[in-house]
Structures are given as C-alpha cells and as structure tokens.
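Presented below is the structure to which this report refers.
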Amino acid sequence: MPDTVADLTLEHLRLVREELSLMRKEMADFRAQMMAEFGELKKRFRTQEHHIVGLRRDEAIASEEITDLRHQIDGLVARLETLEARAPH
C-alpha cells in the first residue's frame, strides 16, 4: 500500500510541476506581450509629443506674425492720424 500511495503522490507532484511549468511559460509570454505593447504605446506617445511640439512652434510663429502685423497697423494708423492732423479742414 505505501508503494501505491507513494506512486500516487509522485504522480500528483509531477502533474503539479507540469502545471507550474505551463503557468510560468504563460506568464512569461504574457509579460513579453505586455512589454511589446507598452513599447508600442511609448512610441505612439513620443510621436504625439512631437506633433504637439510642432503645433506649439507653429502657434508661436503665427502669434509673432500677428504681433508684427499689429505693430504695422498701429504705425499706419499713427501716420494716417498725423496726415489728417496736417490736412487743412
């Protein structure tokens, strides 16, 4: 009888070891998949960050151009006011 119990115990331990081995492999595969997906997400975020930087640069350039145009308009208004003040009424 002890041989049968020992054999059953050993068989059970082999099955447990196989299940553990399978679980380790599944966990390793899952981790590898998650790392690959995480790498892809990081790459996409970097791309989005570059796009945002480009948009901010474009916005700064547009703002600078608007400021320059406002100064030019202010200068033209000042000239017009000067000419109107000189003109006889």
Side-chain angles (χ1 to χ4, degrees):
M1 185 102 173
D3 288 339
T4 306
V5 172
D7 290 341
L8 287 174
T9 303
L10 287 174
E11 182 63 25
H12 179 71
L13 289 175
R14 278 190 215 104
L15 291 173
V16 168
R17 187 182 325 172
E18 288 174 13
E19 287 182 27
L20 282 174
S21 176
L22 181 62
M23 288 174 64
R24 283 188 184 122
K25 183 184 179 319
E26 288 174 354
M27 288 176 66
D29 292 345
F30 179 75
R31 183 177 188 280
Q33 180 184 358
M34 290 296 104
M35 293 303 290
E37 290 177 11
F38 182 68
E40 179 62 28
L41 283 174
K42 283 175 41 176
K43 178 182 171 186
R44 292 176 70 185
F45 277 128
R46 278 193 301 273
T47 300
Q48 293 301 317
E49 287 173 344
H50 288 292
H51 289 295
I52 290 170
V53 167
L55 289 171
R56 287 184 178 165
R57 181 197 63 232
D58 294 345
E59 180 184 2
I61 291 170
S63 179
E64 179 184 3
E65 290 173 354
I66 289 170
T67 302
D68 288 345
L69 290 172
R70 284 183 181 161
H71 285 293
Q72 290 175 5
I73 290 170
D74 289 344
L76 292 173
V77 168
R79 278 187 181 168
L80 183 60
E81 289 172 351
T82 302
L83 292 173
E84 287 176 345
R86 287 184 189 169
H89 295 294

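Atoms CD and CD, on E19 and E26 in that order, are 10.5 Å from each other to the nearest 0.5 Å. In this structure, the separation between OG1 on T47 and NZ on K42 is 13.0 Å, given to the nearest 0.5 Å. How far CG of L69 is from CD of E64: 10.5 Å, rounded to the nearest 0.5 Å. Atom CZ of R14 sits about 10.5 Å away from atom OG1 of T9, to the nearest 0.5 Å. In this structure, the separation between CD1 on I61 and CD1 on I66 is 12.0 Å, given to the nearest 0.5 Å. Remark: I73 CD1 to R70 CZ distance equals 8.5 Å, nearest 0.5 Å.
Through ILVMFWY side-chain contacts below 4.5 Å, L55 is grouped with nothing and stands alone. Other cluster members for L15: none, since no ILVMFWY side-chain heavy atom sits under 4.5 Å from it.
Using a distance-only test at 3.5 Å, with no hydrogens or angles considered, no donor-acceptor pair links the side chain of S21 to the main chain of R17.
By the 4.0 Å N-to-carboxylate-O rule, D29 lies close enough to K25 to be salt-bridged with it. Between R46 and E49 no salt bridge is recorded (no basic side-chain N to carboxylate O distance below 4.0 Å).
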*asked:* If you apply the rule salt bridge (Lys or Arg N to Asp or Glu O under 4.0 Å), what do you find for E59 with R56, and how did you get there?
replied: CA-CA 5 Å; E59 180 184 2; R56 287 184 178 165; over 6 Å; no
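Considering only heavy atoms from C-beta on, H12 comes within 4.5 Å of V16 through its side chain. Under the 4.5 Å side-chain criterion, counting only non-hydrogen atoms from C-beta, L76 is not in contact with L80.
Other residues, nucleotides and ligands place more than 12 heavy atoms under 6.0 Å from the CE atom of M34.
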